[in-house]
Every structure is written in structure tokens, then in C-alpha cells.
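One structure is given below, encoded as C-alpha cells.
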Amino acid sequence: MRAQLARVDAVLVQAVIAAALSFAHLHDVASAAGQDGWKAWAYPVSVDLLLVAAWRRLRAGDAKAAGWCWFVIALVASLGANVATAGLLDLHQVPAWLRILVAGWPAVAFLGGTLLAHSAPAPKETEDAEDQEDAPEVVPELPARPALEPTPAPPAVSVPVALVEHARKVAAEHQTRTGAAIDTPTLRARLGVPAPMADAIAAQL
């Protein structure tokens, strides 16, 4: 835990030192370009704020092209001031083009900060597609099949009483002769009647 705190503290100290040096270099360039007083101190603040806004847009993952564009612009302004104050630029005789860049920087920083802070994020089409895939599939309802009508029972066969009596005699004679009860096919063959009537007669025996 202590080692981690020491590492974090070292990073913070390094970041503070680097920010202070960059802040001072931007102030010196702005002051040499004719922006004196509080205006010279406002220039490094605008550059750092633009860097922070661009970095936050990159971390958010929205409009990365715009985020990288303004991040590079602010980084070039910061690095340019650092290089210019390293002896490559005579701060007592600043060229006209640098004065123009310094004078126009506030408008550029204001435009970049406004676009980064207030532009609406792009709609996420992937999430909409996933929501549509997760939605339950609607299955069309099939029409109900009509109920099957019950098969009508066969009409009852009317058997004459005399035929039933004759069938009893035939059945008794068959049992006496064979020792077994007469079956329906034999009864039908002996009486010469259709199958439904034979079944009706056998049911009454």
C-alpha cells in the first residue's frame, strides 16, 4: 500500500512540475506576443482546458475524431510554446505570424471547447440492434382447429322374435353336437343373415 502511494505521489509531483513549466512557457510566449497582464495568464489556462475537454471526449468514446483533432491542436500549442522558449525564438523580437497566432488563439480555443462540451453524442446503433435482438419474438397465433364431430353410432338392428327363437335352437343344436357355444360367424353362416343382424342375434342369445 505504501509503495503504491509512493508511486502515485511521484506521478502527481511529476505532473504538477510539467504543468507548471508548460503553463509558464505559454505565459511567456503570450506576453512576448503583446498580451500583457492578466491576458498572458489566461492563455495557458485556455490551452490546458482544451486539452482536458478533448481528453474527456476521448475517454467517453463519443466523436473520437473531433476529440483527437482538438487534442492535437492544444498539444501543438503547448509544445510549440515549450520549444519556442527553449532559445529557438527571440522573445524580444517576436515575428508577425506568431503575434497573429497568439491573437487568434482565444477564438480557436472557445470554438473547440464549445464543440467538445456541448455537442450531442452520436446515437449508438449497436445498442439499438442488441435491444431489437433481445426483444421476444412475436409468434402469430394459428386459427383454432375445429373439433372433430363424433362418429355416429350404427343404427340398432331390429331382429324378429321368431328369428331369435330359431337362432336359439340352432345354437343349442350346435352346442349339443360340438360341446362348445356357437360363435357369431358360424351363427351367421347357419342363419344366412348379414353381419350386423348376426351380431344383434348373438347379443340376445
Problem set entry | Under-4.0 Å salt bridge between Glu173 and Arg177 |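 Looking at Glu173 and Arg177, the cut-off is met.
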4.5 Å side-chain heavy-atom contact, [X] and [Y]:
| X | Y | answer |
| --- | --- | --- |
| Gln35 | Tyr43 | yes |
| Val29 | Leu98 | yes |
| Trp55 | Leu116 | no |
| Leu111 | Trp70 | yes |

Exercise. Do Leu50 and Val108 pass the side chain to side chain contact (heavy atoms under 4.5 Å, CB included) test, and can you show the C-alpha distance, the side-chain angles, and the key distance before you say yes or no?
Worked result: CA-CA 10 Å; Leu50 186 59; Val108 175; 5.6 Å; no
For the residue pair [X] and [Y], what are the closest heavy atoms and their distance?
| X | Y | answer |
| --- | --- | --- |
| Ser46 | Ala109 | CB-CB, 4.2 Å |
| Gly67 | Ala54 | O-CB, 3.5 Å |
| Pro44 | Ala40 | CD-O, 3.1 Å |

Exercise. How about Gln93: does its CD atom have over 12 heavy atoms from other parts shown lying under 6.0 Å from it?
Worked result: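 No, not enclosed.
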Exercise. Can you tell me if CZ on Arg99 sees more than 12 non-hydrogen neighbours from other groups inside 6.0 Å?
Worked result: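 Yes, the 6.0 Å shell around CZ holds more than 12 heavy atoms from other groups.
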Same cluster or not: are [X] and [Y] linked, directly or through other Ile, Leu, Val, Met, Phe, Trp or Tyr residues, by side-chain heavy atoms under 4.5 angstrom apart?
| X | Y | answer |
| --- | --- | --- |
| Leu26 | Ile100 | no |
| Trp68 | Val52 | no |
| Trp97 | Ile73 | yes |
| Phe110 | Val102 | no |

Problem set entry | Asp183 side chain to Thr186 side chain, donor-acceptor N/O pair below 3.5 angstrom |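 Indeed, the side chains of Asp183 and Thr186 share at least one donor-acceptor pair under 3.5 Å.
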For this session: Answer yes or no: is there a donor N or O on one side and an acceptor on the other, between the side chain of Thr176 and the main chain of Ala172, under 3.5 Å?
Result: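 Judged by distance alone, yes, a pair lies under 3.5 Å.
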